[in-house]
Amino acid sequence: MNLKLNGKGPEEEHDPKDYRNAPMMLVNEVSRLMWDNIRKRGVEHPVSQRSGQLILMELAKRDGRTQLDLATSTGLKAPTTSVSLQKLEKEGYVSRTPDEYDLRATRVFLTEKGREIDERIRSAIRDEQNRASAGMSPEETETLIRLLLKLKANLKQGEEGEEPF
């Protein structure tokens, strides 16, 4: 049943008092829906922890990084990165080797299994992105990206104990 009030459908209504329509709540809901849709299509992400997913994505961008570099680029704490890497290595998604020039550092590489799951997830994300942005103009998509990056930057400043403004 498609009810319209004042010519607007339920998805178009905006009640500023409804916390579910707060931008951050909507971002969270969109993210949840995306991952639910990906799972419904049969694409499972075997790395259940978010920290492991972040590490795999960073390694896919640039392989052979140090653990410290991964911790910095993902925003994870060093102990979390270390534990996540142990799990990823045990599951066969990454391999770790001592740096040939600095034996205190460890380099992390995606395995073939890690590359395969990364490509499956990337493809599913691209498909969901195309589906989610259907009917949006390139300008609208660019505006959305710009606003989300601004939200992200504000929240990152908040993590560091600074005022976002």
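When a residue number appears, it is its place in the shown sequence, counting from 1.
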Inter-residue atom distance [X].[atom1] - [Y].[atom2], 0.5 Å rounding:
X    : Y    : atom1 : atom2 : answer
L70  : M57  : CG    : CE    : 12.0 Å
Y93  : E116 : OH    : CD    : 10.0 Å
Q67  : I55  : CD    : CD1   : 8.5 Å
L151 : K156 : CG    : NZ    : 13.5 Å
I121 : W35  : CD1   : CH2   : 5.0 Å
R20  : L26  : CZ    : CG    : 10.5 Å

Next on the checklist: Assess whether a salt bridge exists between D118 and R122, defined as any Lys/Arg side-chain N lying under 4.0 Å from an Asp/Glu carboxylate O.
Outcome noted: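 The answer is yes: the pair qualifies as a salt bridge.
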
Who are the salt bridge (Lys or Arg N to Asp or Glu O under 4.0 Å) partners of [X], not counting sequence neighbours?
X    : value
E119 : R126
D69  : R62, R65
E89  : R96
K61  : E58

Checklist entry - Tell me, do R131 and N37 make a side-chain contact under 4.5 Å, heavy atoms counted? => result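 In short, these two side chains touch, coming nearer than 4.5 Å.
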
Item to check | T97 side chain reached by T106 side chain, heavy atoms, under 4.5 Å | outcome: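 Result no, sub-4.5 Å side-chain heavy-atom pair not found.
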
I'd like to check the side chain to side chain contact (heavy atoms under 4.5 Å, CB included) partners of [X]; sequence neighbours left out, ordered by chain and number.
X   : value
A78 : none
T80 : S51, L76, K77, S84
D63 : L59, F109, L110, R115

Checklist entry - side chain to side chain donor-acceptor pair (under 3.5 Å) with E139: which residues, sequence neighbours excluded? => result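 Scan of E139 (side chain to side chain donor-acceptor pair (under 3.5 Å), adjacent residues dropped) gives S137.
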
Next on the checklist: Holding to side chain to side chain donor-acceptor pair (under 3.5 Å), I want the full list of residues that pass it with K152, two or more places apart in sequence or in another chain.
Outcome noted: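 K152: no side chain to side chain donor-acceptor pair (under 3.5 Å) contacts found.
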
Item to check | Cluster check L148, L155: I/L/V/M/F/W/Y, side chain < 4.5 angstrom | outcome: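 Yes, one cluster joins them.
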
Item to check | Joint cluster assignment, M24 & L147, ILVMFWY side-chain distance < 4.5 Å | outcome: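 Looking at the clustering, L147 is in a separate group from M24.
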
Next on the checklist: Tell me if a side-chain donor or acceptor on S31 pairs with a main-chain N or O of V27 at a distance below 3.5 Å.
Outcome noted: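 Here the side-chain-to-backbone pair does not exist.
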
Checklist entry - Within the distance-only criterion (no hydrogens, no angle test), does the side chain of T111 pair as donor or acceptor with the backbone N or O of G114 below 3.5 angstrom? => result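 Yes.
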
Item to check | Members sharing I145's hydrophobic cluster (side chains within less than 4.5 Å) | outcome: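 Cluster partners of I145: L149.
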
Next on the checklist: Show me the pairs that pass salt bridge (charged side-chain N to carboxylate O under 4.0 Å, His left out) and involve residues 103-114, at least two apart or across chains.
Outcome noted: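 Checked against salt bridge (charged side-chain N to carboxylate O under 4.0 Å, His left out) - neighbours excluded - the pairs reaching residues 103-114 are D99-R107, D102-R104.
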
Checklist entry - Do any pairs count as a salt bridge (charged side-chain N to carboxylate O under 4.0 Å, His left out) and have a residue in residues 23-32, sequence neighbours left out, and if so which ones? => result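 Every salt bridge (charged side-chain N to carboxylate O under 4.0 Å, His left out) pair that includes a residue of residues 23-32, provided the two are not neighbours, is E29-R32, R32-D36.
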
Item to check | Derivation and outcome, side chain to side chain contact (heavy atoms under 4.5 Å, CB included), residues V94 and L56 | outcome: CA-CA 8 Å; V94 302; L56 288 180; 4.0 Å; yes

